[in-house]
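Encoded as structure tokens, the structure appears first; notes follow it.
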There are 2 protein chains.
Amino acid sequence: MVVDRLGTTFAALADPTRRAMVKRLTRGPESVHGLTEPFALSQQMISKHIAYLVRARIVIKTKRGRESVCTLRPEAIKAVSDWAGDYRRFWEESFDKLDVVLKEMKKQEAKDGRTHN
Amino acid sequence: MVVDRLGTTFAALADPTRRAMVKRLTRGPESVHGLTEPFALSQQMISKHIAYLVRARIVIKTKRGRESVCTLRPEAIKAVSDWAGDYRRFWEESFDKLDVVLKEMKKQEAKDGRTHN
DNA sequence: TCTATCCACAACCATATGGTAGTGGATTAG
DNA sequence: CTAATCCACTACCATATGGTTGTGGATAGA
């Protein structure tokens, strides 16, 4: 896997559990234990998932007493948004074309007097 | 892997080769052969990568003669954009807070008369 | 001090994926 | 018809990851 930074970010976000963690962390920092509760997964798996998020720089982990507190780094998610934003024009054009096609089809249907089903 | 639809999309986009393919496909549909040329990868690997993109519904493949033509589906990338957009408010708030912190630091520096380096 | 809690580390297994090599079907060009 | 091109399919290997189990360190609370 020749995975670059953005690729690591995408890979980390591919797992629904990790995306749920990210969502939860938007409410504020949370301990590993706090992140374990809603997920019905072992503490070890949660730690592993967090490790992936940390490696992708989506989350920062700091020790405070016997707890490890996880904090969300917004830059990583912004990078995803920026990447997708580059394709905005493409899909907007595509949807415009699709719109044209749909209108053509409707016209055709009107001529045919029925659909192709 | 309990990967849902969006997860499959993220996983497909984790590979830089596949993201490069997506970029190329914004210029219009392309045959498998056409996608092979710029990547210095075997035809088999390109086919595999395309298969992942197809499975994630990012690309549609249609046969035309002896060629398979790949076309980009903008909806999939829009889904990524929409996902990241949900976090927009979070990171904008975060950056505002960061801004405040930075200004506080500058004030402090002015008082100290020097930086902490 | 003693115990419970929070967490990390290691070993282990199954599966998905990145990558190579070989082959053969289908279509196009000569 | 024959050869070259485009592409899919299979087998094979190495590694990363999802997941479990067991364990032990460190801290907080009694």
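Just so you know, these numbers come straight off a predicted model, no measurement behind them. Letters A, B, ... mirror the listed sequences (proteins, then strands); counts begin at 1.
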Closest of dG19(D), dT17(D), dT5(C) to the Y52(A) side chain is dT17(D)
- Message: For a side chain to side chain contact (heavy atoms under 4.5 Å, CB included) check, start with the C-alpha distance between F10(A) and T9(B), then their side-chain angles and the critical distance, and finish with the verdict.
- Response: CA-CA 9 Å; F10(A) 274 122; T9(B) 304; over 6 Å; no
Here the gap from L35(A) atom CG to L41(A) atom CG, rounded to the nearest 0.5 Å, amounts to 11.5 Å
In whole angstroms, the gap separating P of dA28(D) from CD of E67(A) amounts to 9 Å
Double-helix bend of the helix from dT1(C)-dA30(D) to dG30(C)-dC1(D), axes at both ends from 5 pairs, round to 10°, gives 20°
Rounded to whole Å, the CZ-P distance (F10(B) to dT17(C)) equals 17 Å
Here the distance between atom P of dG24(C) and atom CD of Q43(B), to the nearest Å, is 15 Å
Item to complete: Verify the contact: side-chain N or O of R18(B) to OP1 or OP2 of dG18(C), cut-off strictly under 4.0 Å; return yes or no.
Response: yes
When rounded to whole Å, the CZ to C1' distance for the pair R66(A) and dA30(D) reads 12 Å
task: Kindly say if H49(A) contacts the phosphate of dG19(D), meaning a side-chain N or O under 4.0 Å from OP1 or OP2.
output: yes
The correct set of residues in residues 20-35 of chain B placing a heavy atom under 4.0 Å from DNA chain C is none
Taken to the nearest whole Å, CG/L41(B) to P/dG18(C) is 11 Å
Rounded to whole Å, the CZ-P distance (R64(B) to dC7(D)) equals 11 Å
Taken to the nearest whole Å, CD/Q44(B) to C1'/dA11(D) is 12 Å
What side-chain donor-acceptor pairs closer than 3.5 Å can you find for residues 46-70 of chain B, not counting sequence neighbours?
unit_1: S47(B); atom_1: OG; unit_2: Q43(B); atom_2: O; d: 3.3
unit_1: S47(B); atom_1: OG; unit_2: Q43(B); atom_2: NE2; d: 3.4
unit_1: H49(B); atom_1: ND1; unit_2: R18(B); atom_2: NH1; d: 3.1

Between CD1 of I50(B) and P of dC6(D) the distance, given in whole Å, is 14 Å
